[in-house]
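All values reported here derive from a predicted model rather than from experimental measurement.
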Amino acid sequence: VPTSYTAMSLIGELDRADSSYLHSVLSKHASGVYVLPAPYAPDEAELASSPKIARMLTTLCSVFDFVVVDAGNEFTDVTLPALDLAEHLLLVTLPNLPAVRNTKRTLELFGRLNYDSSKIIIVVNRYDAKEQLSQKTIEEALGRPVQWTIPNNYLTVARAINQGTAVR
């Protein structure tokens with residue numbers, strides 16, 4: 001959904017961000033989902049402070065039933081407020097040893113941050129049951145169940161990315 005309005009735009013206008021305003025400035029996808037992209041320039045995100053991010057997310061949560069944040073794969077002053085406020089954390093991993101090892105480390109970090117383990121949902125992306133690293137092996141390594149697997153279908157995903165559409 002092309003737009004020039006980003007999270008940084010909203011952070012600068014939080015005082016006027018009520019339901020009507022948000023519905024008028026956020027891009028609406030054909031599915032009915034409203035989209036607020038991250039800043040386009042990486043250095044823009046550095047201007048956001050944790051309190052501003054937390055306030056933005058709280059504002060969005062007061063208007064929308066669900067707020068989904070793609071927090072990337074780094075833990076920073078920008079992403080931690082989203083993790084702190086989340087009702088559910090979808091921790092996405094891949095079925096390979098380095099990814100599972102990093103996921104285990106992330107789970108350990110979440111423990112040190114005192115996140116309720118019941119809000120963490122493990123998702124294995126690009127899963128292929130015929131591969132050597134089985135779901136059971138991944139679960140044993142992580143010490144917790146995998147709730148969801150997303151099948152490995154490179155061609156379909158690549159086509160959707162290139163066309164700018166959702167995977168069907």
Side-chain angles (χ1 to χ4, degrees), residues 1-3 6-8 10 26-42 44-46 48 50 53-54 56-57 60-61 64-168:
V1 180
T3 181
T6 69
M8 291 307 297
L10 178 56
L26 298 183
S27 294
K28 187 175 182 181
H29 185 267
S31 67
V33 172
Y34 286 87
V35 178
L36 178 64
Y40 294 113
E44 270 188 291
E46 294 173 4
S50 291
I53 297 290
M56 176 186 67
L57 292 170
L60 290 167
C61 288
F64 297 99
D65 293 332
F66 299 96
V67 175
V68 177
V69 177
D70 180 351
N73 58 1
E74 295 180 8
F75 302 108
T76 67
D77 290 342
V78 175
T79 58
L80 283 174
L83 298 175
D84 292 341
L85 292 169
E87 287 183 38
H88 301 286
L89 295 170
L90 274 63
L91 184 53
V92 181
T93 190
L94 296 170
N96 62 59
L97 289 176
V100 172
R101 189 176 312 118
N102 286 336
T103 302
K104 178 75 171 171
R105 290 179 183 144
T106 300
L107 288 169
E108 291 166 355
L109 172 64
F110 286 175
R112 289 191 303 277
L113 293 172
N114 295 317
Y115 290 161
D116 182 353
S117 65
S118 67
K119 79 177 194 175
I120 302 167
I121 298 168
I122 305 293
V123 179
V124 178
N125 193 14
R126 298 186 199 154
Y127 183 74
D128 185 343
K130 294 177 250 167
E131 293 296 323
Q132 290 181 348
L133 205 55
S134 69
Q135 182 173 334
K136 181 180 178 194
T137 302
I138 295 169
E139 291 174 340
E140 288 171 357
L142 298 178
R144 55 182 299 132
V146 169
Q147 282 90 346
W148 293 330
T149 59
I150 301 170
N152 188 13
N153 191 335
Y154 177 79
L155 293 177
T156 300
V157 172
R159 188 176 313 117
I161 290 169
N162 290 331
Q163 294 174 353
T165 60
V167 175
R168 299 185 196 276

With [X] via side-chain hydrogen bond (donor to acceptor under 3.5 Å, both in side chains) - residues at least two apart:
{"X": "R105", "answer": "N102"}
{"X": "D116", "answer": "S118"}
{"X": "Q147", "answer": "none"}

Can you name the closest pair of heavy atoms from [X] and [Y] and give their distance?
{"X": "A54", "Y": "P81", "value": "N-CB, 4.0 Å"}
{"X": "T79", "Y": "T76", "value": "OG1-N, 2.8 Å"}
{"X": "Y127", "Y": "Q135", "value": "OH-N, 3.2 Å"}

Rounded to the nearest 0.5 Å, how far does [atom2] of [Y] lie from [atom1] of [X]?
{"X": "L26", "Y": "L36", "atom1": "CG", "atom2": "CG", "answer": "5.5 Å"}
{"X": "R159", "Y": "N153", "atom1": "CZ", "atom2": "CG", "answer": "8.0 Å"}
{"X": "N125", "Y": "T149", "atom1": "CG", "atom2": "OG1", "answer": "9.5 Å"}
{"X": "M8", "Y": "I53", "atom1": "CE", "atom2": "CD1", "answer": "7.0 Å"}

Under the side chain to side chain contact (heavy atoms under 4.5 Å, CB included) test, residues paired with [X] that sit two or more places apart:
{"X": "S31", "answer": "H29, V33"}
{"X": "K136", "answer": "S134, E140"}
{"X": "S117", "answer": "R144"}

- [ ] Evaluate the side-chain proximity of L109 to R112: yes if any heavy-atom separation is below 4.5 Å, no if none is.
- [x] yes

Indicate every side-chain donor-acceptor pair of residues 67-75 with a distance under 3.5 Å to a residue at least two apart or in another chain.
{"residue": "D70", "atom": "OD1", "partner": "G72", "partner atom": "N", "Å": "3.0"}

Quiz: residues 83-96 side-chain donor-acceptor pairs under 3.5 angstrom, not counting sequence neighbours:
{"residue": "D84", "atom": "OD1", "partner": "Y115", "partner atom": "OH", "Å": "2.5"}
{"residue": "T93", "atom": "OG1", "partner": "A99", "partner atom": "O", "Å": "3.3"}
{"residue": "T93", "atom": "OG1", "partner": "T103", "partner atom": "OG1", "Å": "2.7"}
{"residue": "N96", "atom": "OD1", "partner": "A99", "partner atom": "N", "Å": "2.9"}

